[in-house]
Amino acid sequence: MELFFRTKGELPVSQEHTDWENENERLQAVISHVQKKKEALQGESDELKDDVIELRRTFWDDVTVNLDEPDDVIETQASLKQRAELLSERERSHGLLDQQKKTLNKLEESPYFGRIDFTEDGESETEPIYIGIASLMDENDEEFLVYDWRAPISSMYYDFAPGRAHYPTLDGDVEGEITLKRQYIVRGGKLDGMFDTGLTIGDELLQSLLGQQSSPQMKSIVASIQREQNQVIRNERSKMLIVRGAAGSGKTSAALQRVAYLLYKHREKLNAGNMLLFSPNPLFTRYVSNVLPELGEDNLQQSTLYHHFEKRLPNGWKLESPHAHIEYFLSEQVEGIRSQGLSVKTEPRFIEHLHNYVDTLSHSGLIFKDLYFRGEVWVTKKQLQDYFYQMASSMSISDRLEAVAEWLMKMLQITEREERPKAWVDEEMNLLDHETYNRVFEKVRENGDEEAFNEAVLEEGLLRKLVVRRKVKALKKQIQAFDVLDVEAMYVQFFRWEGHKVIAEEITYHFQKKEMHWEDAAPFFYFEDLLKGRPVYADIRHIFIDEAQDYTTIQIRYLQHLFPSSRLTLLGDANQAVHAHTSAGNAPLVEEPAEKEQETITLHRSYRSTQPIVEFTKQLVPNGEQIEAFERPGPKPEMKQLENETQHDRYVGELAKRLEERELGMVAIVTKTFAESEEIWEQLTRAGRDAQLIHEQTSEFKGALLVLPVYLAKGIEFDAVIASDASASNYHLERDRYLLYTACTRAMHELYLCANGELSPFIADNVRKQYVQE
């Protein structure tokens, strides 16, 4: 691998100086061409904007409105339609020009990032192919100055090293030879660096690292990273793709490039609305929100599993957040009833037990609700149960519920007619507002009846119908939603059926208060869908789940069940499992592939952190020897043991101040729990430090000094990290091992660990040589 890199305006001193000057000259020529296109486009855009404004201003001036005769009405409608279509076409054209301007703005900053020289078989000339976020043609629109990175010809840049290569076309593969492969670092329209290589790096951090160093081992190291990430980006075989990766191995970066690749390759069938990313929290959602636009694509839909479940909750219910769930189990030192329940609900075969239970309900045991109308029982649960079970058991439960709903709707129509003449309707009519009366009066007049007596009769009839319809509206919605089943009672009954009476009582206690534990959400809604039939999300074709190691098996199965037409991409690292259930080994990412069309790709190389940080953190977890450090120098992590809490907290504050004064970038104090974060933040605030406390609703960083619990730091990186209180009293349980590892792996350049007393046992003797102790 040959590297050329310039810093602070210096030219590279090597025989490649001419290459650098030629590349720099071409870059400036392309940027100049982009600027000319922008000017031309701006003129065209201004003209279209003036057209749109003028069309809106004179819209009715050019439309002849005549409603006297039927032919005139038709002519008026045609005139209006023609005018509206013209305005709509101009507005669409203006919108497209705006999109083109945004693309040109990006090209002006960085028109391309890669190049291959390709000689097609049978041709004597070698074509240099420059690759960027969008295609760019020359002045005559005849030759490509830049190819879009998702175009078929660009696939060679990702798929092949110099040598034999090919790319697909409608007429079959084009074969030939790659004689050069080069990457560029272009920022603000300036060539900051370039390197010739036999591989492709799709991550900005990796590119920067390559521009700063070279070693005999670098080529093979980066080659393995590129090949693994490219497997993730271009995989289209798997119904479920599991990407296991060490902290900082580029899982999320590769996945988002995968999104852009799929959107481009299948652009006639897919759009951003067909893809959904489940993020761990709003902060992470904001953190990755700009990645796809930088790749030239609209952003995909993003959500958290918590927000998805929250939307499904019955009215008045409250769902425990995953962060409150973590905090609860971090503070629970003794195994209690809830821990027993957690073990049962997250066991991989739990879903089979649910299915078995539903099979029994097909024959008996469904619990229905009494249905009420005006405060009185309208249909009893016994009547509902009898009607349901008189149907053939060969019918599915959801089909029989559909039949029950149809029966109830017919009964409701009868009830409506019977209720209209009753006295309560007279009372309700007297309470109607004037607007309702006027609306009913106008409807009567539209019928054309001129006799005052008939009008009054019709008006009263419509008002009575309106009053009763309003009264039955809630009941009708309940029937249509199949909310005739007492799903909560049957969910509790399931645990009794399984022999878990104590767990059933614990769930009942919280259900009576309309509270749902986090670990109950997926099983409950999955169970509900088995009974009522699942909602339809046919538009979603690809699901991406980040931090998937924190998902239970049933949560993954729930999403598969909810999005049956979707392919899943799961990204995670079992060593960063922070939930009580996943740190016990029940995370889907640590299971062996069991389904058809399921594939696992493992990324071993970590390049987020410096080599000393990686060498330290890999000692904290089982099988850490499989993690490979990227060759990037830096200081060893520093460890400081303090005698008591007062000294510890004072030292953390002083250290944070020193790091801020050095202007390292973003500094994070990472704690085990949110309570610890609050305490440190309050002390910093009292000391006059401008720190931001990160909580579960935080969506953006607002300063250079942050304080946050480890589970909110997942998936995010910081220039320097202070791991607060890495002591034996704070990190001693087996599940704490993964929390400590996650906290330390957030650091890119510098890592500091502070302990109030004895060090955590996970920082064992064989780890001591990997850090500096003050």
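Count residues from 1 along the sequence. Owing to the predicted nature of the structure, the values given are computational and were not obtained by experimental measurement.
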Requested in this report: List the steps and the verdict of side chain to side chain contact (heavy atoms under 4.5 Å, CB included) for K239 and Q598.
Outcome: CA-CA 6 Å; K239 180 74 173 176; Q598 180 172 313; over 6 Å; no

**Report entry** Check against side chain to side chain contact (heavy atoms under 4.5 Å, CB included), Q390 and Q385
**Finding:** CA-CA 9 Å; Q390 75 177 3; Q385 190 178 56; over 6 Å; no

Requested in this report: Using the side chain to side chain donor-acceptor pair (under 3.5 Å) rule, take E505 and T508 through it: C-alpha gap first, then chi angles, then the decisive distance, then the call.
Outcome: CA-CA 5 Å; E505 290 174 355; T508 300; over 6 Å; no

Report task. Could you check F525 against F309 for ring pair (Phe, Tyr, Trp, His ring centres under 6.0 Å), going step by step and ending with a plain yes or no? Result -> CA-CA 8 Å; F525 292 122; F309 285 143; 5.7 Å; yes

Report task. Could you go through the ring pair (Phe, Tyr, Trp, His ring centres under 6.0 Å) check for F278 and H307 one step at a time? Result -> CA-CA 10 Å; F278 282 98; H307 288 139; over 10 Å; no

Query raised in the report: Between R541 and F563, is a side chain to side chain contact (heavy atoms under 4.5 Å, CB included) present by the stated rule, with each step listed?
Result: CA-CA 8 Å; R541 306 297 298 278; F563 302 98; over 6 Å; no

Requested in this report: Start with the C-alpha distance between H579 and Y738, add both sets of side-chain angles, then the distance that settles ring pair (Phe, Tyr, Trp, His ring centres under 6.0 Å), and finish with yes or no.
Outcome: CA-CA 10 Å; H579 284 267; Y738 305 100; over 10 Å; no

**Report entry** Worked verdict on L568 versus I556 for side chain to side chain contact (heavy atoms under 4.5 Å, CB included)
**Finding:** CA-CA 9 Å; L568 267 67; I556 297 296; 4.3 Å; yes

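Closest approach of Q301 to G273, counting heavy atoms only: NE2-O, 2.6 Å. Among all heavy-atom pairs drawn from F482 and K532, the shortest one is O-CE, 3.3 Å. Among all heavy-atom pairs drawn from F544 and A255, the shortest one is CE2-O, 4.0 Å. Heavy atoms only, all atoms of each residue included: N575 and T742 are closest at O-OG1, 4.1 Å. Closest approach of H517 and L319 over heavy atoms only: O-CD1, 3.8 Å. Among all heavy-atom pairs drawn from S566 and I543, the shortest one is CB-CG1, 3.8 Å.
Paired with F524 under the rule ring-ring contact (aromatic ring centres under 6.0 Å, His included), one option of Y558, W317, Y491 passes, and it is Y491. Of the residues listed (R420, K465, R464, K471), the one engaging E428 in a salt bridge (charged side-chain N to carboxylate O under 4.0 Å, His left out) is K471, and it is the only one. Each of S398, S394, S393 was compared with S396 under the side-chain hydrogen bond (donor to acceptor under 3.5 Å, both in side chains) criterion, and only S398 meets it.
Side-chain N or O atoms of R258 include none that pairs as donor or acceptor with a backbone N or O of T252 at under 3.5 Å. Between the H695 side chain and the Q697 main chain, a donor and an acceptor come within less than 3.5 Å of each other. Proximity of a side-chain donor or acceptor of D550 to a complementary backbone N or O of V578 within less than 3.5 Å is detected. Side-chain atoms of Y526 never come within 3.5 Å of backbone atoms of L559 as a donor-acceptor pair (strictly under, hydrogens ignored). Under a 3.5 Å cut-off, the side chain of R567 and the backbone N or O of M240 do not form any donor-acceptor pair. N274 places a side-chain N or O within donor-acceptor distance of the main-chain N or O of N271, the cut-off being under 3.5 Å. A donor-acceptor distance shorter than 3.5 angstrom exists from the side chain of T360 to the backbone of Y357, with no hydrogens or angles considered.
Remark: K311 engages no residue in a side chain to side chain donor-acceptor pair (under 3.5 Å) (not counting sequence neighbours). Taking T673 as the reference, E327, L330, A675, E676 meet the side-chain contact (heavy atoms from CB on, under 4.5 Å) condition, with sequence neighbours excluded. Every residue meeting the side-chain contact (heavy atoms from CB on, under 4.5 Å) condition with K422, not counting sequence neighbours, appears here in chain and number order: E419, W424. A search for ring pair (Phe, Tyr, Trp, His ring centres under 6.0 Å) contacts involving H353 returns nothing, not counting sequence neighbours. In this structure E696 satisfies the side chain to side chain donor-acceptor pair (under 3.5 Å) test together with S321, H323, sequence neighbours excluded. Under the side chain to side chain donor-acceptor pair (under 3.5 Å) criterion, E515 pairs with H510, not counting sequence neighbours. For S362, the side chain to side chain donor-acceptor pair (under 3.5 Å) partners two or more places apart in sequence, or in a different chain, are R400. Evaluation of the ring pair (Phe, Tyr, Trp, His ring centres under 6.0 Å) rule for H500 yields no partner, not counting sequence neighbours. For Q480, the side-chain contact (heavy atoms from CB on, under 4.5 Å) test picks out M409, K476, with sequence neighbours left out. Applying the side-chain contact (heavy atoms from CB on, under 4.5 Å) rule to D359 yields the partners N356; only residues at least two apart in sequence or on another chain are considered.
A distance of 10.5 Å separates CD1 in I540 from OG in S565, rounded to the nearest 0.5 Å. With rounding to the nearest 0.5 Å, the separation of CD1 in I694 from CD in E700 is 9.5 Å. Within the model, atoms NE2 of H266 and NE2 of H542 stand 6.5 Å from one another, a figure rounded to the nearest 0.5 Å. Distance check, rounded to the nearest 0.5 Å: CG of L401 to CG of L531 gives 7.5 Å. The structure places CD of Q478 at 9.5 Å from CG of L408, a figure rounded to the nearest 0.5 Å. The CD atom of E519 sits 9.0 Å away from atom OH of Y328, with the distance rounded to the nearest 0.5 Å.
Here the side chains of F350 and T553 are not in contact, with every heavy-atom distance at 4.5 Å or above. Within the 4.5 Å cutoff, side-chain heavy atoms of M391 are placed close to those of V404.
The pair E506-R338 fails the salt-bridge criterion, with no side-chain N (NZ, NE, NH1 or NH2) lying under 4.0 Å from an Asp/Glu carboxylate O. By the 4.0 Å N-to-carboxylate-O rule, R244 lies too far from D573 to be salt-bridged with it.
Residue pairs meeting the salt bridge (charged side-chain N to carboxylate O under 4.0 Å, His left out) criterion with at least one member in residues 384-397, sequence neighbours excluded, are K382-D386.
In the model, E310 has a side-chain atom that pairs as donor or acceptor with a side-chain atom of Y306 under 3.5 Å.
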Identify all side-chain donor-acceptor contacts of residues 364-372 below 3.5 Å with residues at least two apart in sequence or on another chain.
from: K369; atom 1: NZ; to: D483; atom 2: OD1; distance (Å): 2.7
from: D370; atom 1: OD1; to: K381; atom 2: N; distance (Å): 2.7

